There are 2 protein chains.
Amino acid sequence: MAISQEISYRLERLILDGGLAPEQKIPSERQLATRLGVSRAVIREALHELQGRGVIETRHGKGSFVASMFPRTDDLDPQSPLMLLFEGHPRTLFDLLEVREQLEGQAAYLAAKRATTLDLHRITKAYTALEQTDPLTNARPDHNFHQAIVEASHNPVLVHVLNGLKNLMLLTVQASVANLNPREEMRNKISRQHKRIYQAVMAKKPEAARRIAMSHVRFVSDAMRGIEQQGTAIIREPFNGPASIGTSP
Amino acid sequence: MAISQEISYRLERLILDGGLAPEQKIPSERQLATRLGVSRAVIREALHELQGRGVIETRHGKGSFVASMFPRTDDLDPQSPLMLLFEGHPRTLFDLLEVREQLEGQAAYLAAKRATTLDLHRITKAYTALEQTDPLTNARPDHNFHQAIVEASHNPVLVHVLNGLKNLMLLTVQASVANLNPREEMRNKISRQHKRIYQAVMAKKPEAARRIAMSHVRFVSDAMRGIEQQGTAIIREPFNGPASIGTSP
DNA sequence: GAACCAGTACTGGTCAGACCACAGAATACA
DNA sequence: TGTATTCTGTGGTCTGACCAGTACTGGTTC
């Protein structure tokens, strides 16, 4: 096998295993060439392979960077079949929460199991930001906290699936924000659940992390079901604020 | 945009538009360089990009050729990022099985809870077909059985997600069939697990169905992990050269 | 005639060193 | 202080050379 392919393979595995995190800068071509004892040409060819499959992005004059696992293609795509379904049938919200319960539980489990120190640092950063922000005004930190955990799972399939559901999740999160957060005791409970998820992941307790994350989603789902049964119409219209995923779950 | 990227883009469009047929040979690097008025280096970089995304294959001493598989139209999409990942990194198989464990468990749970008589009829049909087929020759019945259960969950989100993973799922099922079924005791265990899933769903026992389905996927995953550790352990350790790639000091 | 073998003319793979274009920080100047 | 200017580091491109496989060609040998 050609050297350039070996190098591209090594780099890709390094990225998958978390040795190089998304958005992180890759050593310069000249550095890599020197360090690996090959010419700069083969380094460039290896990087172009990774570029071709979207693993890295290269910016002239700045360097090469690991591509975000979550592609920036958030065209809301209101024409997608699932979106249309959601518009017409409120029950889809609970269907999604059912799926999320499983996937987020697994994500928390894997994160607690596999997170590198860099991952833990990022999660901590996202969590502290989440704590210091009023979830009603800005759901962005919540989204980051959630995303940090998913990325720390180091499971590209999981990342891919959750990313495919991102837009739908956005709607459910906005629903939960609109319905749950205004209620003081709900907000406190959710905040406490976030804290427990964070602690379980940091303490590297996979089973606990899964259990807590799942019960968290379940809690939100049940709460909203309760609200719906009371007759209060569930608010489903998105805020016009920044995108958010996760202010609970 | 860099010249190499323009060239790779032009070449890919040429291939997609049928200007270059599958298996057909691409002009040599030196010819392309001369014809396009650029250096051979940029040609090589462009080709490596296409190679990275599986559009072409390059053989030393022979030339570069348009890759064979090309139903790029819809479902099959062997060029999707996840597919490419799967090709290059066997680990992705276990990543997918991790996700499947959760989703199929949930699917079985919901199917046992919500299946209509029509659903149950379909599941029965798929199950009997699965029983009567030699699993060694065809993985399809296996996949169909699982799919019937998923559809009986009546959760469109779940169906959508698993459908998006259909091709990857087929690969895992095939992998399990190819690796596990040849072994008598494995085949029997798996067959028994299928039976128990079937019975749990038919008896409308959600919790049992979930538990059994999850342990089924887990069993397959563990078994294949065991096989891999016996037979392919060495291949997993590709390059332990003296040089390391990560960010240094 | 058939089998073998070296020569040759391709192909891609790697290397070295040079120069250009861009981005950003440090510096000098007004 | 604030704005040019320079400097340094990055990726982008070029050149020409050599190495390494592949396949065809033509001659030698049996």
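Here is how names work: the chains are called A, B, and so on, in the same order as the sequence lines, proteins then strands, and each is numbered from 1. Just so we're clear, the structure is a prediction, and the values are computed from it rather than from any experiment.
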Asker: Who are the side chain to side chain donor-acceptor pair (under 3.5 Å) partners of B:Q51, not counting sequence neighbours?
Answerer: none
Asker: My understanding is that only residues two or more places apart in sequence, or in another chain, count here; which of them pass side-chain contact (heavy atoms from CB on, under 4.5 Å) with B:T34?
Answerer: none
Asker: Quick one: side-chain contact (heavy atoms from CB on, under 4.5 Å) partners of A:K204, sequence neighbours excluded?
Answerer: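 A:K204: side-chain contact (heavy atoms from CB on, under 4.5 Å) contacts with A:A115, A:L120.
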Asker: I need the CG-C1' distance between A:L32 and D:dT10, as an integer number of Å.
Answerer: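 In whole Å, D:dT10 C1' lies 12 Å from A:L32 CG.
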Asker: I need a per-nucleotide contact map over nucleotides 5-17 of chain C, read 5' to 3'. Cutoff is protein heavy atoms under 4.0 Å; write B for the base, S for backbone only, - otherwise.
Answerer: ------BBBBB--
Asker: Can you list everything that forms a side-chain contact (heavy atoms from CB on, under 4.5 Å) with B:K25? Sequence neighbours excluded, please.
Answerer: B:F65
Asker: In chain order, what residues pass the side-chain contact (heavy atoms from CB on, under 4.5 Å) check against B:S64, with sequence neighbours excluded?
Answerer: B:I26, B:L47, B:I56, B:T58
